[in-house]
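Step one of this worksheet: look at the structure below.
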Amino acid sequence: MTLAISPDLVKGAEPAVAPAARRRFRAVSDGGILLTAALFAIGGWERRWIADDGLTVLRTVRNLLAGNGPVFNVGERVEVNTSPAWTYLIWFFSWLTAARLEYVVLGIALMLSVAAIVFAMLGSARLWGGGGAQLLLPAGALVYVALPPARDYATSGLESSLVICWLAVLWWWLIRWSRAEGVSFAGVCGLSFVAGLAPLIRPETTLVGALALLMICGAPMPGIRMRPWMFRVLIVAIAGLVPVAHQIWRMGYYGLPYPNTAVAKDAGGAKWRQGLVYLWNLVGPYWLWVPLLVLGVAAVVAFRSRHIESAGLLAFDAKPTPRERIYRLRRGLRTPSAVVALMLGSSVLLTVYEIRVGGDFMHGRMLLPQLFCLLLPVMVLPLKVSAAQADPRRGWTFLIVPAALAGTVGWALSAAGTTAIETANKITPSGIADERLYYIQTTGHDHPIRAEDYLDYPRMRAMIGDIASAPNGGLLTNTPSWTWQLVPPSTPIPEGGAGHTVFFINLGMISMNTPLAVRVLDPMGLSYPLAAHTFRFPDARIGHDKNLDSDWAIVDAGMANEHPGLPWFVDEGWVTRIRTALTCPETQDLLASTRAPLTFDRFGRNIQQSLNYARYRIDRVPENEIERCHLLDPRDPNAPR
């Protein structure tokens, strides 16, 4: 078998470009990247805010800084934050700067968002061959930065900025690796390490990292003097070192194989119909399918006319043997086309997963990484001014790219000012909310960032007052009429009080406006294992489809168990049966996984039982729970009194 240069490349050759023209093209291309990054920075800053869920992240950081460990409530090991990398990144820069947490997270989020756009465009520029012999103009990058939810979550305090930045860096590095003539030992090790961080960024990004690692391991390793199998073992070890160590620690420390948020939201459940509603809630209002279709067509035309497919460099003049087929397949893994396929395929798979679980209640948020992946190959598009002159038959194709760019700019100007959710409370009938506008309305602040900004949220100041007026402690919960009700502790009250517990849905604004000694629980289970391990309501609002009655929290916290201490809306008999249900051995073991002292034996048991703990569910109806656990119903006349 002999190899030859593909004649297609000779046919598609372009005239040489003068050095002065190259410098101008490069300056225009670099200027486009800087301009787009600046537009995103300005857009993100103009819509700066920190969500209630963003404040929730900061509670864990406060506990880390105070020496209490990565917990939300002191004395209860619960992983409330979905992204460990985001938690520790904020913790590190907070420790380094000693600045206010809200400002630290605001700065980190905005910088990562802008860096994501820069790396994404640099990777796309390298995909299309660089900006020396052609103009590389912003295309897909404009689609992303113009989208209102993308600018909303450029700050917000959530890990969205970290996710897209990791995707952008991985994309940029993979394109560099695919275009390099040889393989650098340090470069491949670094790339593998970055890919291996995927589970720490967000659990679902593990799919992208795993596929990238398979691609790296499967490709040829020219220039590496180590035996191929040894080198592959080494890069897998480098990729897995941090995530595997963290996974073992997570199972032993928290007693779960994944964050508690995945249990609370039943990340393995299926709500296809709601997921499709969530997808259309992002695509429909902005006509997002229009720029995606236009840029897709432009990319195909540019690709076919430019012959950037690296695999096309080689032509085989004979029928390949099985070994040659395997080599061609492996060689194809280290090409720009394979990297593009990886990102596009990841986008599709992650979108299908998000639709399956029902999406989210925050408009657009959980589909932004998928959109970002989809746009990576067309973040910039090439415009070669000599194309039509070199081959008049290609004149019509030469017009497609500038027409697509012009259409994208027009769409971006229109979409940038669109408000997707027009309802008075900024929440759709399906439960999807424009979170930023909702909190602007309810707090009265154009940029709710600091914890005290959220004290202007309804009833927050009253909550602070109720806690201050109860020196003996107690549990603060909601009444059916949406007023606060303090449930006093059972007697005798210990010296110094029984401590305060707040049971309410808004974890962030409460936890950041109260001392760390105040226990903050939520009926959905993000911070409360008992609620997390209940069954979700099938037709409830997405992301809020678990709702444990406050009766359980009252009993679990050891508060008053009879009237007049109990709230008027709580039944004494119900409380008695809940107390019995909580004696279920399996439930006690589950609670011990987070509350018992972390001894060596407890750590080992948590690892062994972590999968069982994750699957364990509690029936919120105490009678059913008593029956499930084969307990003696207190209503039974033979039950002990």
Side-chain angles (χ1 to χ4, degrees), residues 73 76 263-264 459 463 466-467 470 472-494 497-505 519-540 544-592 594-595 616-641:
N73 289 310
E76 194 165 36
V263 179
R459 298 179 300 120
M463 177 207 68
D466 288 344
I467 292 175
N472 289 331
L475 184 143
L476 203 62
T477 187
N478 251 339
T479 70
S481 57
W482 284 88
T483 59
W484 292 111
Q485 173 81 44
L486 182 72
V487 184
S490 59
T491 56
I493 299 173
H500 294 91
T501 299
V502 181
F503 186 73
F504 192 60
I505 193 171
R519 190 171 177 230
V520 182
L521 306 176
D522 67 308
M524 294 188 306
L526 296 178
S527 71
Y528 193 20
L530 201 60
H533 288 271
T534 58
F535 295 97
R536 65 178 181 174
F537 293 106
D539 298 320
H544 298 72
D545 38 16
K546 290 187 178 181
N547 189 12
L548 186 66
D549 296 327
S550 60
D551 315 46
W552 288 82
I554 292 170
V555 175
D556 185 38
M559 298 300 156
N561 53 35
E562 58 185 18
H563 295 297
L566 283 175
W568 58 268
F569 54 88
V570 175
D571 179 71
E572 286 185 9
W574 188 268
V575 166
T576 300
R577 292 190 290 278
I578 289 174
R579 188 182 303 109
T580 301
L582 282 175
T583 64
C584 180
E586 291 87 353
T587 302
Q588 287 296 308
D589 186 39
L590 171 72
L591 295 176
T594 63
R595 298 176 182 176
Y616 187 71
R617 291 297 181 267
I618 298 165
D619 197 309
R620 60 175 56 83
V621 178
E623 290 87 347
N624 297 342
E625 191 67 7
I626 289 171
E627 182 180 354
R628 182 184 70 86
C629 294
H630 307 291
L631 302 172
L632 194 59
D633 194 323
R635 295 174 298 179
D636 190 326
N638 297 320
R641 301 294 178 184

Sequence neighbours excluded - salt bridge (charged side-chain N to carboxylate O under 4.0 Å, His left out) pairs with any residue from residues 522-532: none
Who are the side chain to side chain donor-acceptor pair (under 3.5 Å) partners of N624, not counting sequence neighbours? D619
Walk me through it: do N547 and R620 pass the test side chain to side chain donor-acceptor pair (under 3.5 Å)? CA-CA 9 Å; N547 189 12; R620 60 175 56 83; over 6 Å; no
Please report the interatomic distance CG(L486) to OG1(T477), rounded to the nearest 0.5 Å. 10.5 Å
Is there any salt bridge (charged side-chain N to carboxylate O under 4.0 Å, His left out) pair reaching into residues 569-581, and which pairs are they, with sequence neighbours excluded? R577-E623
Sequence neighbours excluded, the answer for side chain to side chain donor-acceptor pair (under 3.5 Å) partners of T483 is T479
Give every residue pair that meets the ring-ring contact (aromatic ring centres under 6.0 Å, His included) criterion with at least one member in residues 545-570, sequence neighbours excluded. none
Could you work out, with side chain to side chain contact (heavy atoms under 4.5 Å, CB included) as the rule, every residue matching F535, not counting sequence neighbours? R617
Who pairs with F504 by ring pair (Phe, Tyr, Trp, His ring centres under 6.0 Å), at least two apart in sequence or on another chain? W484
Show every side-chain hydrogen bond (donor to acceptor under 3.5 Å, both in side chains) that has at least one partner inside residues 580-590, sequence neighbours left out. T587-Y616, D589-R605, D589-Y613
Any salt bridge (charged side-chain N to carboxylate O under 4.0 Å, His left out) involving residues 549-568? Give me the pairs, sequence neighbours left out, ordered by first then second residue. R519-D556, D556-R595
Could I get the full list of side chain to side chain donor-acceptor pair (under 3.5 Å) partners for Q485, not counting sequence neighbours? none
With sequence neighbours left out, the residues meeting salt bridge (Lys or Arg N to Asp or Glu O under 4.0 Å) with R536 are D545
Suppose the criterion is salt bridge (charged side-chain N to carboxylate O under 4.0 Å, His left out): which pairs have a residue in residues 480-493, not counting sequence neighbours? none
